S.K.: 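Just dropping this structure here.
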Amino acid sequence: MNWRFSRLSAGGEMPRNAADVRLFTCSFSPEAELARFTQAHPRAGGVVSFLGQVRSSSGVEAAGDAVEALELRHYEPLTLPAMHELAERILGRWDLEGLLVIHRSGTMMPGDPIVLVAAAARHRRSAFAAADFAMDHLKSESWFWKREKVGGQWRWVEPRAEDYQDIARWS
Amino acid sequence: MNWRFSRLSAGGEMPRNAADVRLFTCSFSPEAELARFTQAHPRAGGVVSFLGQVRSSSGVEAAGDAVEALELRHYEPLTLPAMHELAERILGRWDLEGLLVIHRSGTMMPGDPIVLVAAAARHRRSAFAAADFAMDHLKSESWFWKREKVGGQWRWVEPRAEDYQDIARWS
Amino acid sequence: MALKLVFLGPLEDLAGAPEREVASAPSVSQVLARLEPDLAAALSSARVKCALNGAIVHDRDAEVLKSGDELAFLPPVSGG
Amino acid sequence: MALKLVFLGPLEDLAGAPEREVASAPSVSQVLARLEPDLAAALSSARVKCALNGAIVHDRDAEVLKSGDELAFLPPVSGG
């Protein structure tokens, strides 16, 4: 099974600052991860982060339509290499001190963190752009399938055209 | 002295979600503030944050040019109303679940947090734009004067043309 | 020996399980030909990608499969 | 009674202190006329704003000052 991780170093030469890319199968503390990341990059003037969490309600719908749980499935031989390749692309495009990408899989409850992306940079604009780019591309290029539990029933969530529009902003 | 806070409610009608705007004169924990903010907005799918901290080194310069301390002075009768007005403008422009703006004044050491902005929204794009806008405008419109201690000497930091360019992106 | 098939996302429901062992065959097309017709039709969709041991398969008629290989079927990922 | 002058940023160094009490005068211009010439010149710059009790003063010749008022002089804020 050694092919599972054989493509991690496919990005060419080593970037100046390595990315911290992790997949978690159980819950994590975004604030602890962010604090550690920030402290690890004292030369960065700014850290931009995005935290995605399971919404406690899908919004305008009736109370009976609230999402009770969320499940993310992924295919390990593709997910982690794709996340590493995305991270290398981001480090090559912006001048960052550090990049953090954490993604959950498995079953999550409302309020649970799903994804945490953080970019540390000497310049604010680079940090914002890198975090924004990372989220746009993580959402559209990563191999995650999502099920929501609503009214006791699990249903798969379909792909959205909006994600492709988000990516088009960067080309 | 009641004129000091008389302009806080000048923004017209109350926004759907109030902003949390605070000025601190001593150090704070960005992770604790962010965790509390995130938990207070369970309907938000995403939270974007910017943390600005005192850099441990100004970067490419020689070791002797490292910033040893930073002092921010502000004029209270102007600072807090300006920050509240900016927050109201942001709440009027993007559909947010919540907005957090915390700014330090006083003397800070390398690694200390200076500013924390966080935007919670149902849609990722709104959260990114609101946090980005907040930082661009906080930097350029707020009444903060900055001194850096380098080689044992305090010196005032001059305004930068770059800040005005950042603001022009939004008009 | 056999092949391991992995069904991601909604394909899991259609296949009745997230994984399945099948008898080895030389190409992806030949593997599909032995499955239930409705499942084979879904896996043949242009929107469903196929990965062999973690690498996307571009030619499903290529006779490249070996016993012990893992074939994953990947429908479009979810939005949101 | 008197007026309180507040000097922000680098103006503090020029004035020798962050704050100063001065005798009351009817307008900002008249207050400035009584200060040291180099300080008065710096405070008269178009880049230095003046705030009366927290509100920016647009007409420095307006005779609006009352005893106990606070006049703040605000140079351009720092970048970075």
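So that the names make sense, note that chain A is the first sequence line, chain B the second, and so on, each numbered from 1. Please read these numbers as outputs of a predicted model, since none were measured by experiment.
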S.K.: Does Arg124(B) come within less than 4.0 Å of Asp132(A), counting only side-chain N to carboxylate O?
M.R.: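 Here Arg124(B) does not pair with Asp132(A) in a salt bridge, since their nearest N and O are not under 4.0 Å apart.
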
S.K.: Among the options Ala131(A), Ala119(A), Ala118(A), Gly111(A), pick out the one with the most heavy-atom pairs lying under 4.5 Å from chain B.
M.R.: Ala131(A)

S.K.: Less than 4.5 Å to any heavy atom of chain B: does that hold for the side chain of Ala120(A), its backbone, both, or neither?
M.R.: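 Contact with chain B involves no heavy atom of Ala120(A) at all.
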
S.K.: For chain B, which residues from residues 26-37 of chain A have at least one heavy atom closer than 4.5 Å to it?
M.R.: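 At a heavy-atom separation under 4.5 Å, chain B is reached by Glu31(A), Leu34(A), Ala35(A).
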
S.K.: With a strict 4.5 Å heavy-atom criterion, list every residue of residues 44-51 of chain B that contacts chain A, or say none.
M.R.: Ala44(B), Gly45(B), Gly46(B), Val47(B), Val48(B), Ser49(B), Phe50(B), Leu51(B)

